[in-house]
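What follows is one structure encoded as structure tokens, with my remarks underneath.
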Number of protein chains: 2
Amino acid sequence: MPQQTMYEGPNGNNDESQMKTLSKTRRPAPPREQQRLDPTEREAIIAREAVSFFAEHGFEGQTRELARRLGITQPLLYRYFPSKEALIERVYQEVFVGRWNPSWEKIITDRSVPLKARLGRFYREYAQVILTYEWIRLFMFAGLKNLGLNARYLKMLRERAFEKVIEEIRFEYGRPSTGDLPITVLEIEMVWGLHAAIFYLGVRQFIYSMPLETDVDSIIDAKVATFLGGVRTVLPAKTSP
Amino acid sequence: MPQQTMYEGPNGNNDESQMKTLSKTRRPAPPREQQRLDPTEREAIIAREAVSFFAEHGFEGQTRELARRLGITQPLLYRYFPSKEALIERVYQEVFVGRWNPSWEKIITDRSVPLKARLGRFYREYAQVILTYEWIRLFMFAGLKNLGLNARYLKMLRERAFEKVIEEIRFEYGRPSTGDLPITVLEIEMVWGLHAAIFYLGVRQFIYSMPLETDVDSIIDAKVATFLGGVRTVLPAKTSP
DNA sequence: CGGATAATTGATCAAACGATAAATAACGCT
DNA sequence: AGCGTTATTTATCGTTTGATCAATTATCCG
């Protein structure tokens, strides 16, 4: 006797008219989804869907609706994550830690490439990661909830990227290293300004739902150029004659 | 037979052992707050506190806690607002409509004042309004919830401020009016960039909880100067010889 | 095939939450 | 002082929501 469920799955899989091709043909990639999954795979699927789900509904989104989207029952979530909060923590890891690319730091400091090209490439690649529906909204939800997450992330961003950018600009213009002359408030504020411009593109798209009229890369190139020009004019005077 | 309730009141008032000192001493000017208020006054108090409350907790904040902060009971809220959603709507009005200053439009277009001074003054005053805990967070909460509110507000901002700014810049540099030559994507994008820089100051403070190291006005002045310089270099060429 | 393991489900709990209705009491008016 | 109006409270309803536990069944292994 078939089980009765109240809802129609997203693919209408309850329909039994489709052929049963479950017959353990040891195919390497069966296109039909299994009913029982390997725990590590199930966990990954839940985590991936949770990213999408919480990005859409915020962290107040209900576990039952997440389960429905996954095609599983709600208690199953608690087999893989001890609490909703633990699942959210996993989402943070997935997005804010997992999507950071360590090679970005090399791009910035690779002096065999002209500075403007380096910055352009870094900010374009960085923008490609954070200018997504999931990244932008989750970052904002996390900020409004306010655990230290955002400040912590931005502290890392400052150390791994912003300070390196400033060091490279100093070098390019023959100024003292940031090791000798500390980074000024003005310098870091200009980097914030560039960051703000990029980040705000994501806010407009994914939080205000206002489609952009231009492609992101050209905006970034323009901003980087303006930034380089601007930072040069306000740099503190040389200390060495 | 007395009814049994399952919970203990916040003050443990079920305990009858405390003295009854409630004996109606008719003092003329009691410093303690009134128990009954005029409906219009009560409504204003609720609305004001709701602004603060929802800015802090988001729109999922509970009506019971709001009532507790107001020193009233939760059902009383429903005497003044038919639903929680109506109360939230009132919060929108209070903040995003009520705090807009119509004279800003005059500041921008007053050609008896130098352009740079006009823009500096407008953006400083505007920043003073939106760079508050309540404004920034409510705007972000509203965006993430996404009714059309943010897009609608920004459409107004564009019409009443951004387009006027561009018109004044066109005039300053002897370019054709925006009535004759439509605003270019590049121009509006540069205004967005300035707006982003200011808005992001609020995000850093009130969403990421990162205190600013500089005063806002000096940042704004610098941004306005950079903006004016930048927009001049990228303006489309004159169409009249 | 047949039993063991464990992934998954069904049932349900307790607290939280928006909302409603009736009871209470503060204030104004005569 | 007495009375009517109504601001405010008390009690409670119906759902929702995170979480728990025992029952179920798909899958693996010999």
Side-chain angles (χ1 to χ4, degrees), chain A residues 1-7 9 13-14 20 22-26 30 32-46 50 53-54 57-68 70-89, chain B residues 1-14 20 22-28 30 32-46 50 53-54 57-68 70-89:
Chain A
M1 161 163 144
Q3 297 187 343
Q4 296 263 0
T5 57
M6 277 311 189
Y7 78 100
N13 276 347
N14 288 350
K20 303 254 178 179
L22 297 184
S23 57
K24 265 304 160 45
T25 56
R26 192 148 318 185
R32 194 168 177 299
E33 43 184 340
Q34 283 175 262
Q35 308 205 7
R36 278 177 95 140
L37 294 184
D38 184 73
T40 62
E41 188 181 355
R42 175 67 79 192
E43 184 183 316
I45 290 176
I46 292 176
F53 178 76
F54 287 124
H57 296 94
F59 301 122
E60 324 262 357
Q62 307 149 11
T63 55
R64 277 172 177 79
E65 197 188 338
L66 169 59
R68 193 179 49 75
L70 280 159
I72 62 176
T73 56
Q74 180 243 11
L76 189 56
L77 296 174
Y78 289 85
R79 179 87 177 184
Y80 294 93
F81 297 93
S83 69
K84 183 183 179 182
E85 203 51 40
L87 180 54
I88 291 173
E89 211 63 41
Chain B
M1 152 165 139
Q3 298 189 341
Q4 296 263 1
T5 58
M6 277 311 188
Y7 78 101
E8 297 283 321
N11 299 332
N13 277 345
N14 289 351
K20 305 255 179 179
L22 300 180
S23 59
K24 271 300 163 43
T25 57
R26 187 153 324 182
R27 236 165 327 183
R32 52 194 296 280
E33 41 187 340
Q34 277 176 266
Q35 309 207 6
R36 280 177 92 140
L37 293 183
D38 185 72
T40 62
E41 188 181 355
R42 176 67 80 191
E43 184 183 315
I45 291 176
I46 291 176
F53 178 75
F54 287 124
H57 295 94
F59 300 123
E60 324 262 355
Q62 308 151 10
T63 56
R64 278 173 175 79
E65 197 188 337
L66 170 59
R68 195 178 49 73
L70 280 159
I72 61 176
T73 57
Q74 180 242 11
L76 189 57
L77 296 174
Y78 290 85
R79 179 87 176 185
Y80 294 92
F81 298 92
S83 69
K84 183 183 179 182
E85 203 50 40
L87 180 54
I88 292 173
E89 210 64 41

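Letters A, B, ... are given to chains in the order of the sequence lines, protein chains preceding strands, and every chain is numbered from 1. Below, all heavy atoms of this structure are taken into account, side chains as well, without hydrogens, waters or symmetry copies.
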Would you check if A:Phe81 and A:Glu43 make a side-chain contact, meaning some heavy-atom pair closer than 4.5 Å?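 The answer is yes; the side chains approach within 4.5 Å.
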Using a cut-off of 4.0 Å on non-hydrogen atoms, how would the nucleic acid contact of B:Pro75 be classed: base, sugar-phosphate, or nothing?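 Answer is base: heavy atoms of B:Pro75 come under 4.0 Å of a base.
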Using a 4.0 Å heavy-atom cut-off across all strands, classify A:Phe81 as base, sugar-phosphate, or nothing.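 The residue A:Phe81 makes no contact with any strand.
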Nearest atoms (heavy-atom pairs only) where A:Tyr78 meets A:Lys84: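 Between these two residues, the closest heavy atoms are CE2-N, 4.2 Å.
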Please name the pair of heavy atoms, one in B:Thr63 and one in B:Leu77, separated by the smallest distance, quoted to 0.1 Å.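 Shortest heavy-atom separation between B:Thr63 and B:Leu77 comes out as O-CD1, 3.5 Å.
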[X] has an atom [atom1]; how far is it from atom [atom2] of [N], in whole Å?
X	N	atom1	atom2	value
A:Glu41	D:dT27	CD	C1'	14 Å
B:Leu70	D:dT9	CG	P	11 Å
B:Leu76	D:dT9	CG	P	6 Å
A:Ile72	C:dG10	CD1	C1'	15 Å
A:Leu37	D:dC28	CG	C1'	15 Å
B:Leu77	D:dA7	CG	P	15 Å
A:Gln74	D:dC21	CD	P	14 Å
A:Arg36	C:dA7	CZ	C1'	4 Å

How many angstroms lie between atom OG1 of A:Thr73 and atom CZ of A:Arg68, to the nearest 0.5 angstrom?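 Between A:Thr73 OG1 and A:Arg68 CZ, I get 13.5 Å after rounding to 0.5 Å.
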Give, for atom CD1 of A:Ile88 and atom CD of A:Glu85, the distance between the pair rounded to the nearest 0.5 Å.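 Spacing of CD1 (A:Ile88) from CD (A:Glu85) equals 4.5 Å.
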[X] side chain near [N] phosphate (N/O to OP1/OP2, under 4.0 Å):
X	N	result
A:Arg79	C:dA7	yes
A:Tyr78	C:dT8	no
A:Thr73	C:dT8	no
B:Arg42	D:dT8	yes
B:Arg64	C:dA19	no

